[in-house]
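The first residue of the sequence shown is numbered 1, and numbering continues consecutively from there. Since the structure is predicted, the reported quantities are computational estimates derived from the model, not experimental observations.
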Amino acid sequence: MEVERVQALASGADLNELPAKFIRPAHERPENTKPLEGVSVPVISLAESHDVLVKEIYKACSEWGFFLLKDHGISPGLIEKLQEVGIEFFKQPQEEKEKYANDPSTGKFEGYGTKMTKNLDEKVEWVDYFFHLMSPPSNVNHQIWPQTPSSYREVTEVYNKELLKVTDTLLELLSEGLGLEGKVLKSHVGGDEIELEMKINMYPPCPQPQLALGVEPHTDMSALTLLVPNDVPGLQVWKDDNWVVVDYLPNALFVHVGDQIEVLSNGKYKSVLHRSTVNKERTRMSWAVFCAPPHKAMIGPLPELVDEPNPAKYSTKTFAEYRYRKFNKLPQ
């Protein structure tokens, strides 16, 4: 099936106006939903003392569901290499990229993709992407990973190893913030079977960025999402009935609380609503890693957090069931 790629469309010589399918309804357009000025998202350094970190992360995740993480131990050189190999993939000729095309309609999510619409009223996002599993090894299919550049696999595997360490640390701190033993959250999101899924988002220059979105407002179905962007801003998070711009902070990890942590914490931590805007002159890219439970994991409010004054706010179900409902826009 022929899929129109946003990058190919954007690089066409005479694209001065957006095709209608990219023009958001009036109430969603960036020109009508301007972000709040002068508000900054929380920034947390992993170099802080343990007790301070537990408090700061609890505050950020209960009030925002989001923070920027500095001093996380992943070298700037590795982040730079990760971004270089991703950029190289998208620079290839179109026919090379199409060899990796995915097909979500048949359940083939991994590979090179562009979101398609199911009906004429539905709008599309101004983004192409590459999606693949990084962890655990038993679920990884290296045949799907980009073969060009040749260093893609080595760089991505090193990044995966580093990110697993950061994920462990964050889950421990989030557990302690809830007054629980450090290992509790990790054990409920799959322990060593936790899945790390890489999604490289590519948002080309857009002729009318005030009318379009790179990604529409959503929460992530993951437990956590750890993202590094390039230096073109675009991410906005929803706080107190306003959009707030997330400024670029070199080498920081952008940490999003996802739906599964909100459910496990029985609502103490918030899954952050966020969107991505696009730029008229420059390409924005981001490398998002979704930390998600295995499909068979049962996710519901932790029993330690539920009692008579605090009843369960969410139902318990497998992550597979949660995904199915979220993809199909069914109530949870």
Side-chain angles (χ1 to χ4, degrees), residues 53-67 104 107 109 131 133-136 138-139 163-164 166-197 199 217-227 237-239 254-274 288-332:
L53 275 171
V54 171
K55 285 197 186 87
E56 286 192 353
I57 287 178
Y58 180 86
K59 187 170 168 29
C61 294
S62 56
E63 294 177 7
W64 288 79
F66 181 85
F67 60 93
F109 289 99
F131 177 81
L133 291 179
M134 293 202 300
S135 194
S138 56
N139 292 5
L163 218 50
L164 280 168
V166 177
T167 303
D168 274 6
T169 302
L170 290 175
L171 288 172
E172 204 165 293
L173 292 162
L174 285 162
S175 279
E176 290 185 31
L178 296 168
L180 305 170
E181 291 283 316
K183 299 285 178 241
V184 172
L185 276 177
K186 186 179 177 184
S187 70
H188 279 84
V189 292
D192 292 336
E193 285 184 62
I194 192 167
E195 285 197 353
L196 262 52
E197 307 163 350
K199 188 176 183 215
H218 68 288
T219 60
D220 291 344
M221 69 174 88
S222 57
L224 292 172
T225 303
L226 308 178
L227 177 149
V237 296
W238 186 251
K239 172 79 162 64
F254 291 34
V255 181
H256 306 64
V257 172
D259 297 347
Q260 306 314 304
I261 291 289
E262 177 172 325
V263 169
L264 286 161
S265 73
N266 202 29
K268 284 194 161 68
Y269 295 138
K270 304 281 179 280
S271 185
V272 65
L273 185 70
H274 55 288
V289 175
F290 304 105
C291 311
H295 288 200
K296 64 180 186 291
M298 291 294 290
I299 306 287
L302 292 167
E304 300 95 318
L305 304 178
V306 175
D307 55 22
E308 219 168 302
N310 300 289
K313 297 177 182 172
Y314 309 87
S315 63
T316 298
K317 59 179 79 72
T318 62
F319 182 55
E321 172 73 7
Y322 189 96
R323 274 170 58 100
Y324 175 80
R325 287 170 178 265
K326 181 117 173 171
F327 277 129
N328 292 290
K329 297 185 164 62
L330 301 169
Q332 292 290 351

- Gap between atom CG of Asp192 and atom OG of Ser187 - 0.5 Å precision: 11.0 Å
- Task: Give the C-alpha distance, both sets of side-chain angles, the deciding distance and a yes or no for side-chain contact (heavy atoms from CB on, under 4.5 Å) between Thr219 and Val272.
- Result: CA-CA 6 Å; Thr219 60; Val272 65; over 6 Å; no
- Would you give the length of the straight line joining atom NE2 of His274 to atom OG1 of Thr225, rounded to the nearest 0.5 angstrom? 6.5 Å
- Task: With rounding to the nearest 0.5 Å, note down the distance linking CD in Glu181 to CD in Glu172.
- Result: 10.0 Å
- Message: For a 4.5 angstrom cut-off between non-hydrogen side-chain atoms, does Val184 reach Leu178?
- Response: no
- Item | Heavy-atom donor-acceptor pair, Ser175 side chain to Leu185 backbone, under 3.5 Å | yes
- NZ of Lys55: more than 12 outside heavy atoms within 6.0 angstrom? no
- Backbone of Met221 reached by a side-chain donor or acceptor of Gln260 within 3.5 Å: yes
- Query: Using 30° and 60° as the class limits, which term best fits the ring planes of Phe109 and Phe327: parallel, tilted or perpendicular?
  - Reply: parallel
- Message: Can you tell me how far apart OH (Tyr314) and CD (Gln332) are? Round to the nearest 0.5 Å.
- Response: 11.0 Å
- Expected output: side-chain Ser265 to main-chain Tyr269 donor-acceptor under 3.5 Å: yes
- Taking all non-hydrogen atoms of both residues, which atom of Lys59 and which atom of Ser62 are closest, and how far apart? O-OG, 3.3 Å
- Item | Sole residue of Ile194, Val255, Val289 in side-chain contact (heavy atoms from CB on, under 4.5 Å) with Thr167 | Ile194
- Query: To the nearest 0.5 Å, how far apart are CG in Asn139 and CD in Glu193?
  - Reply: 8.0 Å
- Query: Between CG of Asp220 and CD1 of Ile261, what distance do you get to the nearest 0.5 Å?
  - Reply: 12.5 Å
- Message: Apply side-chain contact (heavy atoms from CB on, under 4.5 Å) to residues Leu133 and Leu196 and explain how you reach the verdict.
- Response: CA-CA 6 Å; Leu133 291 179; Leu196 262 52; over 6 Å; no
- When every non-hydrogen atom of Leu305 is compared with those of Asn266, the smallest separation belongs to O-ND2, 4.2 Å
- Examine distances only and state if a side-chain atom of Ser271 and a backbone atom of Asp259 form a donor-acceptor pair shorter than 3.5 Å. yes
- List the atom of Tyr58, the atom of Gly177, and the distance in Å for their closest heavy-atom pair. CD1-O, 3.3 Å
- Message: Tell me the closest heavy-atom pair linking Ala312 and Val306, and the distance in Å.
- Response: N-CG1, 3.7 Å
- Message: Do the side chains of Lys270 and Glu63 get close enough for a salt bridge, i.e. N-O under 4.0 angstrom?
- Response: no
- Message: Suppose we screen for ring pair (Phe, Tyr, Trp, His ring centres under 6.0 Å). Which residues come up paired with Trp64, at least two apart in sequence or across chains?
- Response: none
- Item | Contacts of Tyr324 that satisfy ring pair (Phe, Tyr, Trp, His ring centres under 6.0 Å) - sequence neighbours left out | none
- Message: For the CG atom on Asp307, are there more than 12 heavy atoms of other groups (residues, nucleotides or ligands in this structure) within a distance under 6.0 Å?
- Response: yes
- Heavy-atom pair of closest approach, residues Pro293 and Ile299: CG-CD1, 3.8 Å
- Task: Could you label the plane-to-plane angle of the Phe319 and His295 rings as parallel, tilted or perpendicular, counting under 30° as parallel and over 60° as perpendicular?
- Result: perpendicular
